[in-house]
Amino acid sequence: MTTEGFAFTVEARDGRARAARLSTPHGDVVTPCFMPVGTKATVKAVAPRELRELGAQVVLANTYHLYLRPGSEIVAAHGGLHGFMGWDGPILTDSGGFQVFSLESTRVIRDEGVEFASVYDGSRHVFTPELAVRVQEDLGADIIMAFDQCAPGTLSLDEVAAAVDRTTRWAAACKAAHRRPRQLLVGIVQGGVDEALRRRSAAEIGDVGFDAYAIGGLSVGERGDDMLATVELMDELLPGDRLRYFMGIGDPLGMIEVIRRGVDVFDCVLPTRLARTGTVFSGVGRMNLRNARFADDLAPLDESCDCYACRTFSRAYLRHLVVQREILGAHLLSLHNLRVLLRLCADARTAIRAGRFAEFAEYVAERYSAGG
RNA sequence: GGGGGAGUGCCCGAGUGGCUAAAGGGGGCGGACUGUAAAUCCGUUGGCGCAGCCUACCUAGGUUCGAAUCCUAGCUCCCCCA
């Protein structure tokens, strides 16, 4: 790896699955690794100290949202995101590429960049690859993302192809603009679920050349088998000695399936969002705690979970918090859902190193088969 | 003692002769959520033998082809003056 302060080593393989180590200026990350999402420099409802206790190694923040509020200069005044949000481990910032997709109704894509209407006050902002890199340099995350156009495979082939082209040009512009040392810039592959477009995007992004690669544009509405087939293809196309990051997957079953196909790290809002809407991952699939059947259920959320919520409270109490919209409910359920994913990753690492990943995956599939 | 106002579905609250099984909100029940515009959004919410019928807008009568809506009496509640 050519980026100063970083190293990446695959330490064990089991099938396509890998157990690896990424060294960063803020510590090592062992993979497979789930990265909690903290868009506005906070993993909603969970304090950094708790993230650490849960076993989180890296957290995300979002360039576009922090650029709008509070503004990167405020963050920079704290010495960057680490000081600002009180997390001393590795941080990754997404570039704003996802907002090109999620804020579709308030944005206009042009070849030079994307014009957004601020979701806060309607003011217009043009995000370019150069600006996305500059803001990310100011924010000071360890790992930063190229500015891309997230285009789901549900769009027309022409649209996905156009997104592939722009993503390549923008990736080159990001690389050229990147100046800050000791900061890992990650290139993103697009192409929806079309094999030819994925091959083209992987080749082009690979030609630009990055020390780590991300798989973007998946888990955004396409069919599950198409998604997994695309991940398998990416395993063949991406260099085996570089970190692979699947952007946006965080359900227990899906996570295991992408680990099985050679992905090292991934992030997702799902565990914390589900928690805030009353749903938890459990050994019997997802449980929506608002359901009346939990009203008098004195059992813990999940007998086998070691999180604070499971060790301390009954389903009936947690349901009460959720139904009454007590803020503690969002907090406790977030702790639990994050713990489930982080523990699964820890177990996956152990299994890969022991050459027992297939067996482990089978166990997870059985345990979380009810949609967990 | 005098004057005025109000009683609607689990709750609040629109509705003042047919388009009303009754707006809207809350609550209840259920669903969704995957690089976070999300403590959000969606559906549903009288009963049944369910293209129909039954029961429903404080109670009991009445007017009318037809009443939550008009009339009479009663019950309950609220406000103002003394």
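As judged by a 4.0 angstrom heavy-atom cut-off over every strand, A:Gly217 is placed among the base-contacting residues. Using a 4.0 Å heavy-atom cutoff across all strands shown, A:Ser105 reaches at least one base atom of the nucleic acid. Note on A:Lys44: a base of the nucleic acid sits closer than 4.0 angstrom, heavy atoms only. Backbone-only contact: A:Asp267 has heavy atoms under 4.0 Å from sugar-phosphate atoms and none from a base. Residue contacts shown for A:Val323 are limited to sugar-phosphate atoms, with no base heavy atom under 4.0 Å away. Within the nucleic acid shown, A:Gln190 comes within 4.0 Å of at least one base atom, counting heavy atoms only. Residue A:Ile188 is classed as a base contact, given a heavy-atom separation below 4.0 Å to a base.
Closest to the A:Gln99 side chain, of the nucleotides B:A39, B:G35, B:U36, is B:U36. For A:Ser219, whose side chain is taken as the heavy atoms from C-beta onward, the closest listed nucleotide among B:C33, B:U34, B:G35 is B:U34. With distances taken from any side-chain atom of A:Leu274 to the nucleotides B:C33, B:G35, B:U36, the minimum falls on B:C33.
When Watson-Crick and G-U wobble pairs are counted only if both distances are under 3.5 Å, B:U69 pairs with no nucleotide at all. The partner of B:C41, taking Watson-Crick or G-U wobble pairs whose two distances both stay under 3.5 Å, is B:G31. Pair assignment for B:A6 gives B:U76, based on Watson-Crick or G-U wobble hydrogen-bonding distances that are each under 3.5 Å. Nucleotide B:G52 forms a pair with B:C48, judged by Watson-Crick or G-U wobble geometry with both contacts under 3.5 Å. Using N1 to N3 plus N6-O4 or O6-N4 for Watson-Crick, or N1-O2 and O6-N3 for G-U wobble, each under 3.5 Å, B:U36 pairs with nothing.
Side-chain atoms of A:His178 and A:Gln183 include a donor-acceptor pair closer than 3.5 Å. For the residue pair A:Asp121/A:Ser118, the side-chain donor-acceptor check at 3.5 Å is satisfied. Under the 3.5 Å distance criterion, with hydrogens and angles disregarded, a donor-acceptor pair is assigned to the side chains of A:Thr2 and A:Asp211.
A salt bridge does not link A:Glu137 with A:Arg179: none of the charged nitrogens is closer than 4.0 Å to a carboxylate oxygen. The pair A:Arg166-A:Asp111 meets the salt-bridge criterion, with a side-chain N (NZ, NE, NH1 or NH2) lying under 4.0 Å from an Asp/Glu carboxylate O. The existence of a salt bridge linking A:Arg260 and A:Asp14 is excluded, since no basic side-chain nitrogen approaches an acidic carboxylate oxygen closer than 4.0 Å.
Separating the C1' atom of B:U8 from that of B:C58 is a span of 10 Å, rounded to the nearest Å. Comparing B:C77 with B:A37, their C1' atoms are spaced 47 Å from each other, to the whole Å. B:G17 and B:C12 have their P atoms separated by 25 Å, given to the nearest Å. Look at the C1' atom in both B:G15 and B:G61: the space between them is 25 Å, to the nearest Å. When the P atom is compared between B:A6 and B:U72, the two are found 15 Å apart, to the nearest whole Å. Remark: the separation of the P atoms in B:G43 and B:A51 is 25 Å, to the nearest Å. Comparing the C1' positions of B:A67 and B:A60 gives an interatomic distance of 16 Å, to the nearest angstrom. Taking atom P in both B:A68 and B:C79, the straight-line distance is 31 Å, to the nearest Å.
Remark: P of B:U36 and CZ of A:Phe34 are 11 Å apart, rounded to the nearest angstrom. What separates CZ of A:Phe101 from C1' of B:A37 is a distance of 13 Å, to the nearest Å. At whole-Å resolution of the value, CG in A:Leu289 and C1' in B:C29 are 15 Å apart. A:Met35 places its CE atom 11 Å from the P atom of B:G35, with the value rounded to the nearest Å. A:Phe266 has its CZ atom 17 Å from the P atom of B:U34, to the nearest Å. To the nearest angstrom, C1' of B:U34 lies 5 Å from CG of A:Leu270. Between the P atom of B:G27 and the CD atom of A:Gln324 lies a distance of 9 Å, rounded to the nearest Å. Spacing between atom CZ of A:Arg290 and atom C1' of B:G27 amounts to 13 Å, rounded to whole angstrom units.
OP1 or OP2 of B:U36 sits under 4.0 Å from a side-chain N or O of A:Thr39. Checking the phosphate oxygens (OP1, OP2) of B:C33, a side-chain nitrogen or oxygen of A:Arg286 falls inside 4.0 Å. A close approach under 4.0 Å does not occur between any side-chain nitrogen or oxygen of A:Asn62 and OP1 or OP2 of B:G35. Taking side-chain N and O atoms only, A:Arg319 has a distance below 4.0 Å to OP1 or OP2 of B:C29. OP1 or OP2 of B:A37 sits under 4.0 Å from a side-chain N or O of A:Ser102.
In this model, no side-chain donor or acceptor of A:Asn288 finds a partner on the base of B:G30 within 3.5 Å.
With RNA chain B read from its 5' end, the first of the two nearest nucleotides for A:Ala292 and A:Arg325 is the one closest to A:Ala292. When each of A:Met145 and A:Asn291 is assigned the nucleotide of RNA chain B bearing its nearest heavy atom, the one mapping closer to the 5' terminus is A:Asn291.
Between A:Asp302 and the choices A:Arg343, A:Arg367, A:Arg339, the salt bridge (charged side-chain N to carboxylate O under 4.0 Å, His left out) rule is met once, by A:Arg367.
Aromatic pair A:Tyr308/A:Phe313: centroids less than 6.0 angstrom apart.
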